[in-house]
Amino acid sequence: MIIKSLELKNFRNYQALGIAFDAGTNILYGDNAQGKTNVLESLYVSGTTKSHKGSKDKEMIRFDADEAHIRTIVEKNGVENRIDIHLKKNSAKGIAVNGIPIRKAGELFGILNLVVFSPEDLNIIKEGPAGRRRFVDLELSQLDRVYLNNLANYNRAVNQRNSLLKEIAYQEHLIDTLDIWDMQLV
């Protein structure tokens, strides 16, 4: 996989930026607070639709603008794809691959495979297993859409089962339906 180019408009501190990447190793360097991490964040958003910093869409838009745009050209297995992300302050983001809008982030996974490990991610080691699980799930989901689909189904079943367990405290007859959700999890 090769990231060929990146274009930013009103993203973080960039009014406009265009970078053509080399097929080999690329090094971003410069003084502190000049936007190196913002370039990496924009690439992460291009691959996952979310910021690795946990930022909301409106926080990634330049202060004096109402919207931002990220365009990333990626070549993978000889196929070139254009990923366009349109961030808006007061509405949902728009995502398109090769000019075709997509509805779910899962449709984007696998085009641009990314692993970001930042100082904040040290919590993966320091804290409980939930953060480690989330990190590994995200990376595996980029590699395998079947895994992503199975993970989504599993999480949906866990949430439904947990809701049922809370409701059983008020309506004991619902305990008969618990087996259905147990089977879903199995």
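Basis for what follows: all heavy atoms, side chains included, without hydrogens, waters or symmetry-related copies.
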Q: Test side-chain contact (heavy atoms from CB on, under 4.5 Å) on Val74 and Ile2 and set out the steps.
A: CA-CA 6 Å; Val74 179; Ile2 300 168; over 6 Å; no
Q: Could you please spell out the steps behind the side-chain hydrogen bond (donor to acceptor under 3.5 Å, both in side chains) verdict for Asn159 and Arg156?
A: CA-CA 5 Å; Asn159 290 334; Arg156 197 170 14 259; over 6 Å; no
Any donor-acceptor N or O pair under 3.5 Å, side chains [X], [Y]:
X     : Y      : answer
His69 : Asn10  : no
Lys76 : Asn113 : yes
His86 : Glu67  : yes

Would you say the side-chain atoms of [X] pair up with the backbone N or O of [Y], donor to acceptor, closer than 3.5 Å?
X      : Y      : answer
Tyr14  : Lys9   : no
Arg161 : Trp181 : no
Lys4   : Asn81  : no
Lys56  : Lys89  : no
Lys36  : Asp31  : yes
Asn77  : Val79  : no
Arg82  : Arg71  : no
Arg62  : Arg12  : no

Spacing of [atom1] belonging to [X] relative to [atom2] belonging to [Y], to within rounding of 0.5 Å:
X      : Y      : atom1 : atom2 : value
Ile180 : Leu185 : CD1   : CG    : 12.5 Å
Gln160 : Asn155 : CD    : CG    : 12.0 Å
Leu122 : Glu127 : CG    : CD    : 10.5 Å
Thr72  : Asp84  : OG1   : CG    : 8.0 Å
Ile73  : Leu6   : CD1   : CG    : 9.5 Å
Phe135 : Ile124 : CZ    : CD1   : 5.0 Å

Q) Does a side-chain N-to-carboxylate-O contact under 4.0 Å join Asp57 and Lys88? A)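 Salt bridge: no.
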Looking only at heavy atoms, what is the nearest atom pair of [X] and [Y], with distance?
X      : Y      : result
Glu80  : Asn98  : O-OD1, 4.0 Å
Lys93  : Ile95  : CD-CD1, 3.9 Å
Phe109 : Arg145 : O-NH2, 3.1 Å
Met60  : Ser51  : SD-CB, 3.8 Å
Ala105 : Thr49  : CB-OG1, 3.6 Å
Gly106 : Leu148 : CA-CD2, 3.4 Å

Are [Y] and [X] co-members of a hydrophobic cluster defined by side-chain heavy atoms under 4.5 Å apart?
X      : Y      : answer
Phe11  : Val39  : yes
Leu28  : Val45  : yes
Leu138 : Tyr154 : no

